[in-house]
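Here the structure comes first, spelled out in structure tokens, and everything after it is commentary.
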Amino acid sequence: GLANIAWAYAVADVDAPTLFNNHFIKKCVEKEDVFKMEGLFQLYQWNLWQTKETSNPGLPVDLKERCYNAFISEEPKVSKF
């Protein structure tokens, strides 16, 4: 879904302003209640990348806080790689 696509671009460090624009943000806000924990984690990581690496505004404050709270709500897991 939306969160997974955003996360994949962040991991690959590929900026796509024509994809991650106001329309994308609006769709994320519209689907805010549909995102599962993993999606919120991914959106949080994408938002960090957007605001720190690409200097884009990222998510609205309410959704950003929801993603952050989800992200810190669980203990970190060590990657199997």
Side-chain angles (χ1 to χ4, degrees):
L2 289 175
N4 190 257
I5 291 168
W7 177 81
Y9 274 78
V11 169
D13 196 24
V14 175
D15 191 16
T18 58
L19 176 61
F20 302 119
N21 54 26
N22 288 336
H23 182 70
F24 177 83
I25 300 294
K26 181 180 176 185
K27 288 297 177 187
C28 287
V29 170
E30 287 174 6
K31 297 181 178 288
E32 180 176 352
D33 295 331
V34 179
F35 290 119
K36 296 180 180 176
M37 290 295 275
E38 181 180 9
L40 294 172
F41 295 170
Q42 291 174 330
L43 276 179
Y44 176 70
Q45 292 171 321
W46 171 82
N47 187 71
L48 283 176
W49 174 70
Q50 282 289 292
T51 58
K52 304 294 184 208
E53 299 295 326
T54 67
S55 299
N56 291 329
L59 298 171
V61 173
D62 290 346
L63 182 52
K64 179 175 23 178
E65 287 178 358
R66 183 166 179 229
C67 293
Y68 171 76
N69 289 333
F71 192 79
I72 64 167
S73 71
E74 294 187 10
E75 290 292 320
K77 296 176 187 153
V78 176
S79 173
K80 294 178 183 176
F81 287 109

Inter-residue atom distance Met37.CE - Cys67.SG, 0.5 Å rounding: 10.0 Å
Under the side chain to side chain donor-acceptor pair (under 3.5 Å) rule, what pairs show up with a residue in residues 59-70, not counting sequence neighbours? none
Donor-acceptor check, side chain of Asn21 to backbone of His23, threshold 3.5 angstrom: yes or no? yes
Taking the six-membered ring for Trp, are Phe20 and Trp49 parallel (under 30°), tilted (30 to 60°) or perpendicular (over 60°)? perpendicular
Quick check: closest heavy atoms across Gly39 and Ala3, and the distance to 0.1 Å? O-CB, 3.3 Å
Taking side-chain contact (heavy atoms from CB on, under 4.5 Å) as the test, write out the residues that go with Leu19, two or more places apart. Ile5, Tyr9, Ala16
Distance-minimising heavy-atom pair for Ala70 and Ser73: O-OG, 2.7 Å
Output all residues satisfying ring pair (Phe, Tyr, Trp, His ring centres under 6.0 Å) with Phe35, sequence neighbours left out; order by chain, then residue number. none
Interatomic distance, CG@Leu63 vs CG@Leu43, rounded to 0.5 Å, equals 6.0 Å
Measuring centre to centre across the rings, with the benzene-like ring taken for any Trp, is Phe24 within less than 6.0 Å of Trp46? yes
Hydrophobic cluster membership, Leu40 vs Val34, 4.5 Å side-chain cutoff: no
Just grab all the salt bridge (Lys or Arg N to Asp or Glu O under 4.0 Å) pairs involving residues 37-61, residues at least two apart or on different chains. none
Rounded to the nearest 0.5 angstrom, the CD1-CG distance for Ile25 and Asn47 is 7.5 Å
Partners meeting salt bridge (Lys or Arg N to Asp or Glu O under 4.0 Å) with Glu74 (sequence neighbours left out): Lys77
For residues 10-28, which residue pairs qualify under salt bridge (Lys or Arg N to Asp or Glu O under 4.0 Å), counting only residues two or more places apart or in two chains? Lys27-Glu30
